[in-house]
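Okay, structure first, notes after.
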Amino acid sequence: MSDEDDIVLSELDDEELVAQMFDDLYDGLKDEIMEATEILLERGWQPYEVLTKALVGGMTIVGNDFRDGILFVPEVLLAANAMKGGMSILKPLLAETGAPRMGKMVIGTVKGDIHDIGKNLVAMMMEGAGFEIVDLGINNPVENYLEALEREQADILGMSALLTTTMPYMKVVIDTMKEKGIRDDYIVLVGGAPLNEEFGRAIGADAYCRDAAVAVETAKDFVARRHNQMAAG
Ligand code: B1M
């Protein structure tokens with residue numbers, strides 16, 4: 001039996017428990033994360049505190065190591081899955097307490113493209129960082145994006161493309177938004193392996209995001225800027 005097996009989560013003090021949750025998230029241990037989430041709530045932690053201090057805190061470490069090439073896709077998917085376990089407990093409570101949300105993002109892979117692993121990772125990491133996600137799945141024509149942005153009153157549009165043949169479709173979506181006079185109502189973030197910053201600029205996106213961690217940081221930056229602009233104006 002390893003030392004890990006001997007740890008009784010309920011016997012740890014708050015600080016130790018949060019540190020243990022960081023480790024357990026990193027190792028993708030969903031049951032442990034769910035148990036620890038329940039324990040913190042029983043101890044009187046607010047759902048939003050558990051989300052930000054324990055789950056998002058742990059996921060930030062995962063995101064950084066993913067960005068730096070220390071963790072790889074399978075591990076990140078496991079960590080994201082463990083996080084989802086904790087989130088499933090917090091979600092109804094957060095809705096009740098009306099905790100502040102970071103913003104809402106509509107995300108989908110563009111028309112003609114069925115790659116969704118990267119998009120799913122972005123969605124999970126964004127959710128972990130406190131964003132509300134509306135996932136449109138794969139193979140989305142422009143109408144899907146526009147309809148969802150309006151219906152959901154979203155703040156951010158995220159588009160993913162993995163093929164050189166489908167990435168130009170992102171420009172079709174942005175150009176249509178311009179034609180309809182709604183382009184500046186949304187923060188538009190794009191990503192996918194064949195893209196780069198120059199492409200993002202050329203098609204009129206607000207930013208190209210190299211990976212899921214960058215997507216989270218970029219979204220946070222843009223939302224903060226928006227809030228500041230609104231406060232100033
Ligand atoms: Co395909 N595929 N594939 N494929 N596939 C690639 C993309 C390819 C580069 C492989 C190769 O030839 N070396 C190549 C594209 C070549 C090109 O266009 N220049 C290719 C091809 C050709 C094809 C088919 C055409 C093959 C065929 O049928 N002849 C076909 C296309 C089908 C279609 O879409 N219409 C096809 C099909 C498939 C599978 C179905 C088998 C499978 C997809 C399964 C799935 O997604 N459910 C698949 C896979 C797995 C790949 C590779 C091997 C891996 C992609 C992946 O999941 N990476 C890929 C080769 C490669 O990229 N090395 C390849 C892991 C993922 C975590 O990374 O998606 O880059 P990524 O996401 C990152 C970032 O890019 C960023 O964050 C993510 C996380 O860090 N990001 C965003 C992504 N989206 C974002 C959105 C954002 C922000 C950031 O919004 C804000």
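Just so you know, residue 1 is the first one in the sequence shown, and it goes up from there.
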Q: Kindly determine whether Leu90 and Tyr48 satisfy side chain to side chain contact (heavy atoms under 4.5 Å, CB included), including the steps that lead there.
A: CA-CA 8 Å; Leu90 297 177; Tyr48 187 66; over 6 Å; no
Q) Would Leu146 and Glu143 satisfy side chain to side chain contact (heavy atoms under 4.5 Å, CB included), going step by step from the backbone distance to the final call? A) CA-CA 5 Å; Leu146 299 191; Glu143 298 79 25; 5.9 Å; no
Q: Given side chain to side chain contact (heavy atoms under 4.5 Å, CB included), test Ile133 with Val122 step by step and report yes or no.
A: CA-CA 10 Å; Ile133 297 296; Val122 173; over 6 Å; no
Q.
One pair to check against side chain to side chain contact (heavy atoms under 4.5 Å, CB included): Met124 and Lys84. What are the steps and the verdict?
A. CA-CA 8 Å; Met124 285 181 189; Lys84 282 202 154 186; 3.9 Å; yes
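Side-chain heavy atoms closer than 4.5 Å link hydrophobic residues (I, L, V, M, F, W, Y) into clusters, and following such links, even through other members, never connects Val62 to Val214. Side-chain heavy atoms closer than 4.5 Å link hydrophobic residues (I, L, V, M, F, W, Y) into clusters, and following such links, possibly through other members, connects Leu25 to Trp45. Side-chain heavy atoms closer than 4.5 Å link hydrophobic residues (I, L, V, M, F, W, Y) into clusters, and following such links, even through other members, never connects Tyr145 to Ile107. A continuous path of hydrophobic side-chain contacts links Val190 to Val142 [ILVMFWY only; heavy atoms under 4.5 Å]. Taking hydrophobic clusters as Ile, Leu, Val, Met, Phe, Trp and Tyr residues chained together by side-chain heavy-atom distances below 4.5 Å, Ile182 does not share a cluster with Ile156.
Side-chain contact check for Met177 versus Val188: some heavy-atom pair is nearer than 4.5 Å. Between Gln46 and Leu51, every side-chain heavy-atom pair lies at or beyond the 4.5 Å cut-off. Inter-residue side-chain proximity for Phe131 and Asp155 is flagged as unmet; no heavy-atom pair is nearer than 4.5 Å. The closest side-chain heavy-atom distance from Glu75 to Tyr26 is not below 4.5 Å. The shortest distance between side-chain heavy atoms of Arg210 and Tyr208 falls below 4.5 Å. Using a 4.5 Å heavy-atom threshold, the side chains of Leu157 and Met159 count as touching.
Within the structure, salt bridge (charged side-chain N to carboxylate O under 4.0 Å, His left out) contacts touching residues 32-51 (residues at least two apart or in different chains) are Asp14-Arg43, Glu49-Lys53. Residue pairs meeting the side chain to side chain donor-acceptor pair (under 3.5 Å) criterion with at least one partner in residues 102-117, sequence neighbours excluded, are Lys104-Glu152, Asp113-His115, Asp113-Thr166. Among pairs with a residue in residues 168-189, those fulfilling side chain to side chain donor-acceptor pair (under 3.5 Å) read Lys171-Asp175, Arg183-Asp206, at least two apart in sequence or across chains. Counting only residues at least two apart or on different chains, no side chain to side chain donor-acceptor pair (under 3.5 Å) pair has a member in residues 217-233. Contacts classified as side chain to side chain donor-acceptor pair (under 3.5 Å) and involving residues 121-138 (residues at least two apart or in different chains) are given here: Lys91-Glu127, Lys119-Asp135.
Once rounded to the nearest 0.5 Å, the distance linking CZ of Phe66 with CG of Leu71 reads 8.5 Å. Atom CD1 of Ile138 and atom CG of Leu162 lie 11.5 Å apart (nearest 0.5 Å). Between Met105 atom CE and Met126 atom CE the span is 4.0 Å, to the nearest 0.5 Å. The line from OG of Ser88 to CE of Met83 is 11.0 Å long, rounded to the nearest 0.5 Å. In this structure, the separation between OG on Ser160 and CG on Leu136 is 12.0 Å, given to the nearest 0.5 Å. Separation of atoms CG (Asn81) and CD1 (Ile33) is listed at 11.0 Å; rounding is to 0.5 Å.
Closest of all the heavy-atom pairs between Met167 and Phe199 is O-CZ, 3.3 Å. Scanning both residues, Ala213 and Arg67, for their nearest heavy atoms gives CB-CB, 4.2 Å. Nearest approach of Leu55 to Met87, heavy atoms of both residues: CD1-N, 3.9 Å. The minimum heavy-atom distance linking Ala54 with Phe22 is given by the pair O-CE1, 3.2 Å. The minimum heavy-atom distance between Met102 and Ala129, with the atom names listed, is CG-O, 3.3 Å. Counting all heavy atoms, side chain and backbone alike, Met170 lies closest to Gly191 at CE-O, 3.6 Å.
Without hydrogens or angle criteria, Asp27 side chain to Leu29 main chain gives no donor-acceptor distance under 3.5 Å. In this structure a side-chain-to-backbone donor-acceptor pair under 3.5 Å is missing from Asp68 to Ile70. Under a 3.5 Å cut-off, the side chain of Glu11 and the backbone N or O of Val8 do not form any donor-acceptor pair.
Contacts of Glu147 classified as side chain to side chain donor-acceptor pair (under 3.5 Å), with partners at least two apart in sequence or in another chain: Arg151.
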